[in-house]
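Naming convention: chains lettered A, B, ... in sequence-line order (proteins, then strands); numbering from 1 in each chain. From a predicted model like this one, the values you see are computed outputs, not experimental measurements.
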Amino acid sequence: MNETKVGVFLSDCGNQLSQILDFDALVNHVKQVPGVALVVKASEFWRGEGLKTIVDAIKGKKISRVVVAESLPKLSEIRVVKAAEEAGLNPYLVEVIDLKDHCAWPHRDTPSEATEKAKAMLLAAIERAKLLEPIEKLEFPITKSVLVIGGGIAGMQTAEDLADLGIKTYIVEKSPFLGGLATRAGRFFPTDDCAICIQSPASDVKTITHTSRKCVYRSGFTEIPNLNILTNSRVIAVEGATGNYKVTIEKKPRYVNESKCVGCDLCTTVCPVAVPDEYNAKLKKRKAIYMNVPNVHPPVYVIDENVCKFHDCAKCVEICPTKAVELDQKSERITLNVGSIVVATGFQECDPSIVKEYHYDEYPDVITNLELARMIDGFGPTSGEIIKPSNREPARRIVIIQCVGSRDRRWNPWCSSICCMISLKHAMLIKSAHPEADVTICYIDIRTTGREHEYYYERAREMGIKFVKGRPSEIVHDPETDMLIVDVEDEILRRLLELEADLVVLASAMVPAEGTKDLADMLGIELDQDGFFKEYNAKLRPTETKRRGIFLCGGATFPKDAPTTSLHAHSAAMKATKFLSAGKVVKDQKTAVINEEYCGDCEFCPVTCPYGAISLVPKGEEHFVAEVSDLLCEGCGICVGTCPVNAIELRHARPNQMSAQMKALVSVNGTGKPLILAMCCSECGHTAVDSSGMAMMQYPANVRVMKVPCTGILQVHVFLEAFKAGAQGVMVVGCKSDGCHYEVGSQKAQKKVELAKILLNEYGVEPERLMMHNMVFIEGADFAEAAKTMTERLEKLGSLQLTDVS
Amino acid sequence: MEKLKIAFYWAASCGGCEIAVLDVNEKILDVVAKADIVFWPVAIDIKYKDVEAMPDKSIDACFFNGAIRTEENERIAKLLREKSKILVAFGSCACDGCVKGLANLWNKETIFQRAYFETPSTKNPELVTPQTSVSVKEGELELPEFYDTVKTLAQTVDVDYFISGCPPPISCIIQVFEGFISGNLPPKGSSFLPNKSICDECPREKKEHSITEIKRIYEIEDDFKTCFWDQQVICMGPATRAGCGAQCPKVNIPCTGCGGPGPRVADQGAAMISAMASIATDPSVIEQVVDPIGTFYKYSLANSILRRKVIK
Amino acid sequence: MVHEKDDETLRAGFSGEIKHRLGGETITLCYQCGTCAASCPVAKVTEKFNPRGVIKLALLGERQEVLSGSAIWLCSSCYNCQERCPQKVEIADVIYALRNIAIMSGHTPNIYSEFASGLMKEGRIVPISKFVEKKRTDYGLPPLKSAGVEAIKKILSTTGFDKIQWKKEGTP
Amino acid sequence: MTSYALFLGCTIPARQPHYEASARKALPQLGIELVDLDNMTCCAPPPLQSIDLETSLSIAAYNICLAEEADLNMITLCTGCFESLAMANTMLKQNEKLKARVNQILSSAGKEFKGNKEVKHYLQVLTQDVGLDRLKKSVTKDLSSLKVASFSGCHLLRPSALLKFDDPERPHVFDELIEALGAKSIWYRNKLKCCGGLLRGYADDVALAIAREKIVNTTKAGADCIVTLCPFCFLTLDLGQMLIKSAFHEEYNIPVLHYAELLGLALGIEPKELALDFHKIRLDKLLSEIR
């Protein structure tokens, strides 16, 4: 093996740093470090001549490791690393530190101390650089196809975008018809237009203009090239990993041949079986062979296998003019190979029977908003008439109750977010059709936060809809008058009201769609506390999940109105396309690696890995060892911080590298103050230090910063080693506990720090010598303050004298 | 072929390691067939001066059990090092300090105070404590100096091989003896225990490992199947070197860690603490840890990073 | 009976004080939906009591008004509101907490002093008349067992109940 | 015989010997032995909870300790006692911290709450230990002409999370027990709402207004009688009708019975054995309908 030759490049930032740091001393110090083959000082190294110096040194084989002390560490690192790579050096053999923001600026009041610290920082970088190992790039192929689960508006919009972009797309819908909840809703607020309207695919150049939006049935949705629609189907198994999923779909028989049915309706006229129509709020009956409403998609009848008499009857078979009815169809298993999956399973209306005091399960004239929507719909079971289901008389006194089972800690604590607007829409539609109707909305808070939504509320008041601020305590049916009585306090009047109603409508909570939990388990993705699918990051990755290549959109993440759903769907399509377009995942092998010889199969690491990247594989008879998936591993080191036998290492942060760095940082003091090692995560923790320096906040130079991938990598023994190496205090600086870039790293670090403090106390070492801090970039002042406080605290405590430690 | 010369010695130890040597049963006959035992205070009457008289490196292998607690322990360790070609740290005391190492939470003064004055069973009206020398009418009596800190053998002299355990597992002892007889030895510095942890040998099933509280063994109804960690009981198995065949977990006792740390671990207690903190679901679990040193460093305090308590 | 006040309590003022009292823990969950008022049998017949109003006043920190007023004593402890509260505010228990604080602050309705003295003297809050006791045998009832007055006295002394100052302020 | 420690409370022995007599005579006929223990005290009901919750919990726990020491589950007749004791029992079983605090208080009286016994209302004993079938078979009188307005009172059902007696919105246990005796249990408005009894003594006018609504609603529904479980409800509705008469000049005269009395009658026990002459509203007409 070739000798390791370190090149050290010292930037004085246009002579700015020289006014504080003694560069001659630094150069002399660095020159004496074994392994250093080249020391160069210049004004800057991240561009122009400076960068060329580095490139030439690499090309001329003068050096095999690069240490650059430069300001603008993040930007300069990108430039230097790229140049080094182009010059033929593995990019992981470059170490960049920031002598400006981490040393000169924050210690400008004590220049000689700053110089001593700079020596330690350089030594640490050199010692680490000597131990660095090249890391290779990995490529994982991706199948360029996508499965969209759910055929509501979110799923359709996403699928259409993807297919339009030339990606082979499958859409799987569990019910026999597309459209989801939206088709039952009839109209959308705040425009009152048709719910079944979607954006038309751009691929149809003949009929589609830029402004086209069309009903589902005339959108040409089924005709988009690359799009395969599977209705009456559900996902039953998902295997494989990112980029290459094998999905098993169960397609239930429709018993009607989709390519033969002409939708003539003769079959329903002869079908002898009639059952309450769930789709239409049980307000009418439907046959065993049916379509939900006219103009559904696909426009093909389906047989309800739970009620059909099949061959005992077979009247539909006889009458069908195209021989489309096939009573012997069987369910099929279809296997799809896809690179990506988009979950668009939406949400559903909660059964409000749980709120017993409203008697939804007992009183037929208590209905839900979605059931009311069917009544209002001209295609619906009552042809638009608002009736009392108990006797089918017209209902003219209507009370709508908001937040039923929603914002209710007994059931669903969240605000379902769209019910206020739905109720306003229904109230206005009723009022426009029947101006004499008396419509009252009982509410806790009216939430009309969307664009134009407040005007909608205003219009409702204009139309004479009554609003009672108060949540009813009970609905009582008075057998004498056959009226429903709603007990409610009007809080504004402070008056207890007994509202009489023909019909009471419950704005029932919107809850995760049935099967959400099973699907999440199958896909290995998380749910939030309310049971909806959890996005990776609500602000930055609103359609992504922790599983690369699995995306979310629409109401599957939370109840959404149509515009937001659409926005979300298009965004998911973009992210999925971006993921698939490269045809491969390119990733550095900046990952954890297990040393099988030492792994004892304690199975602690797989449960701590936030990415599900660690599995156990059989090794010999009845023995297992952990194995890391390079594809899924994000390189945080939380597993390293867990492993009780140190059988796991990160390729880019080996224990020997960290140890060498740590020892070097405390090898030089020169400040007369107690040495403090600040172990900062490479994300928020380190950038908080950057920002304190950038803002020239002052803190003492005895504070030495050591960058680690994530504080989750730190083990308790690292703290002990630090004290043994001469640190008088240790600060662990990580992300906020709920803002950790690796999800759980800083929480785990916090717990390790807490336990280590208990341990230190037993060792007779003051626990306050070890502190955990959680910071974000903008809290640089907090870092400076914490560093000062720690220094003062340690000065008060006096020197830590570890005895008998040789 | 000339017979091998071997020696056994106990320093600060309980004697269990000596028993363990005999627990190899008939294998001991193979040993004595091939080797002469030249020094074994517990079994044969050979004095220190006899050892001092032996030529340097004349003992082929010395199996040294016990920690270094007194001046005598240290002196004999050095003596045996000189006289032996191969020195084996035998058992947890020699390797890691073992239970004796827990004395490092005190020093000589506090230990004497407790042992000779304070314990309920002590009656010591004349306030007698051990002295290194005392004159009696028969002459001068000497006792070895009692040190403040318990050390491991390797912290005192250069050690060739290690075999930990309290006592070392019989199968590993047999392996050691066979290695010596056959001359087939691993590289210097090796241990005769496997490189993996107890979990590798433990038949218990591991599940979610999500620790919501800490329970003592008497607080659970052990199902004999599930990993103790999944039953909320602290078990040192994950941080302890294998070799014993998970004897304790197999009979309803969580591992207490006598095998010492894994080969790549500098601090057994800290390693277990890190792992435990990483799987604790809630910070309140951490607060439930009492006596962390007694729990996590029962056998390895003297061989840990900090080694002893700072006493001001 | 002494409830320590930490910094958080002090910051939160009266609602913090209530939250730290046995029974008062859930008060800040209230979002004023009025379900309690609509459920309340007392609010239906008198304007002097409205559970939502009591909680609102307490949350606004109107300590004096809440403690010295009659409203808190008008709850019939029927728990109807508590069953239906969508925020799981334990309203009846919160009112107990408010009454406990009121009594500690010297606002005790007469009838409660009577209950307390009955308990302290006889271990019962409804005294047994000699007449009824004599008639027991007529109905074939066994003689009454004695009450554990001594034990009660010890408990009351431990909790400090027997040291409450029963200010005779009359009915608030 | 299944034995229970009888918790009698204060009001029943002091004011309603008819309740006690009915229970003491009816329950043993169904195989329930009532054991009287020494040194029971007040259960610490809402009026005491109003003064100090912690003290009240401790007093309730003290009484449960007596049953624990006698190794018996506890039975209550009074619904108020049931609430105080069952609530304390559940709370202390669920909350270790609270239990520790209460035990610290109880140690002054030489007691320790262990949490190994149940507190049951006698309706629970009737449904769980006796069973509706045995109850039906034990009935010797014909009650089929009776339309009963059952009124369980608040503290049998609520707070349901702690009492765990029945569904607080749709209770069925009490009505089933009434129908098991052969009578018909009827619906009336606000059946589950409070009688206002606890406000007596502080705001009599409010209490009476609430009680009046109850009387009006049951009368409207055509009830022959109201059946109660709680001595307070009984007082409020029985004596209450006298008060309503003088305050509102309205006369209802709807008989009010304790369930134990109805049970006693159904089992064939003579009305005078049950001390029914303690009632304010006369029962003559009602008794004549029971054959």
### Message
Set out, in order, the CA-CA distance, both residues' side-chain angles and the distance that settles salt bridge (charged side-chain N to carboxylate O under 4.0 Å, His left out) for D/Glu213 and C/Lys44, then state yes or no.
### Response
CA-CA 10 Å; D/Glu213 202 205 330; C/Lys44 203 152 233 164; over 6 Å; no
### Query
Where do C/Leu156 and D/Ile59 land on the side-chain contact (heavy atoms from CB on, under 4.5 Å) test, with the steps shown first?
CA-CA 9 Å; C/Leu156 298 184; D/Ile59 295 175; 4.1 Å; yes
### Residue pair D/Cys194, C/Asn80: steps toward the side-chain contact (heavy atoms from CB on, under 4.5 Å) verdict
CA-CA 8 Å; D/Cys194 183; C/Asn80 214 19; over 6 Å; no
### Task
Check the pair D/Ile51 / C/Arg99 against side-chain contact (heavy atoms from CB on, under 4.5 Å), numbers first and verdict last.
CA-CA 7 Å; D/Ile51 299 172; C/Arg99 289 177 179 180; over 6 Å; no
### Query
Should C/Ile103 and D/Asp52 be marked as a side-chain contact (heavy atoms from CB on, under 4.5 Å) after you check the CA-CA gap, both sets of side-chain angles, and the distance that decides it?
CA-CA 8 Å; C/Ile103 283 179; D/Asp52 191 60; over 6 Å; no
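Here the side chains of D/His155 and C/Tyr79 are in contact, with some heavy-atom distance below 4.5 Å. Using a 4.5 Å heavy-atom threshold, the side chains of D/Leu57 and C/Leu22 count as touching. Side-chain contact between D/Pro13 and C/Val132: absent, with no pair of heavy atoms (C-beta onward) separated by less than 4.5 Å. Between C/Pro142 and D/Arg24 there is a side-chain heavy-atom pair separated by less than 4.5 Å. The side-chain heavy atoms of C/Lys135 and D/Pro17, taken from C-beta on, include no pair separated by under 4.5 Å.
Chosen from C/Ser77, C/Cys75, C/Pro127, the residue pairing most often with chain D at heavy-atom distances under 4.5 Å is C/Ser77. Counting heavy-atom pairs closer than 4.5 Å to chain C, the top residue among D/Cys154, D/Ser58, D/Cys42 is D/Cys42. Among the candidates D/Gly153, D/Ala109, D/Pro45, the residue making the largest number of heavy-atom pairs closer than 4.5 Å to chain C is D/Ala109. Ranked by heavy-atom pairs shorter than 4.5 Å toward chain C, the options D/Gln104, D/Gln49, D/Glu83 are led by D/Gln49. Highest contact tally toward chain C, considering only D/Ala275, D/Ala21, D/Ala209, D/Pro159, is held by D/Pro159 [criterion: heavy-atom pairs under 4.5 Å].
The two atoms that bring C/Ile111 and D/Gly201 nearest to each other are CD1-CA, 3.6 Å, heavy atoms only. D/Tyr202 and C/Ser70 get closest at one heavy-atom pair: OH-CB, 3.4 Å.
Only the side chain of D/Lys25 comes within contact range of chain C, with heavy atoms under 4.5 Å apart. With a threshold of 4.5 angstrom between heavy atoms, D/Phe278 approaches chain C through side-chain atoms but not through N, CA, C or O. At a 4.5 Å heavy-atom cutoff, the contact between D/Pro168 and chain C is made by side-chain atoms alone. Contact of D/Leu8 with chain C is made through the side chain alone, with heavy-atom distances under 4.5 Å. With a threshold of 4.5 angstrom between heavy atoms, D/Leu53 approaches chain C through its backbone and through its side chain. With a 4.5 angstrom heavy-atom cutoff, D/Asp277 touches chain C only via side-chain atoms. For a residue to count as touching a neighbouring chain, one of its non-hydrogen atoms must lie under 4.5 Å from one of that chain's; by this rule C/Ser146 touches chain D with backbone and side chain alike. Residue C/Ile125 touches chain D through both its backbone and its side chain, counting heavy-atom pairs closer than 4.5 Å. Contact of C/Ser157 with chain D is not made at all, since no heavy-atom distance falls under 4.5 Å. For D/Leu157, the part lying under 4.5 angstrom from a heavy atom of chain C is the backbone only.
Judged by distance alone, with hydrogens and angles left aside, the side-chain atoms of D/Glu20 form no donor-acceptor pair with the main-chain N or O of C/Leu141 at under 3.5 Å. Remark: the backbone N or O of D/Ser50 is paired with a side-chain donor or acceptor of C/Asn100 at under 3.5 angstrom.
Here D/Leu192 contributes atom CG and C/Cys78 contributes atom SG; the two are 10.5 Å apart, rounded to the nearest 0.5 Å. The distance from atom CG of D/Leu48 to atom OH of C/Tyr96, rounded to the nearest 0.5 Å, is 10.0 Å. For the atom pair CG of D/Leu162 and CD of C/Gln82, the computed distance is 8.0 Å after rounding to the nearest 0.5 Å. Atom CG of C/Leu74 is separated from atom CG of D/Leu198 by 12.0 Å, given to the nearest 0.5 angstrom. With rounding to the nearest 0.5 angstrom, the CG atom of C/Asp93 is 6.0 Å from the CE atom of D/Met87. For the atom pair D/Cys10 SG and C/Glu122 CD, the distance stands at 9.5 Å (nearest 0.5 Å).
Few gaps surround NZ on D/Lys191; more than 12 heavy atoms of other groups in view lie less than 6.0 Å from it. At most 12 heavy atoms of other shown residues, nucleotides or ligands fall within 6.0 angstrom of atom CZ in D/Arg15.
At a threshold of 4.0 Å, the pair D/Asp38-C/Lys145 counts as salt-bridged, since one of the basic side-chain nitrogens sits closer than that to a carboxylate oxygen. Remark: D/Lys272 does not engage C/Asp138 in a salt bridge, criterion side-chain N to carboxylate O under 4.0 Å.
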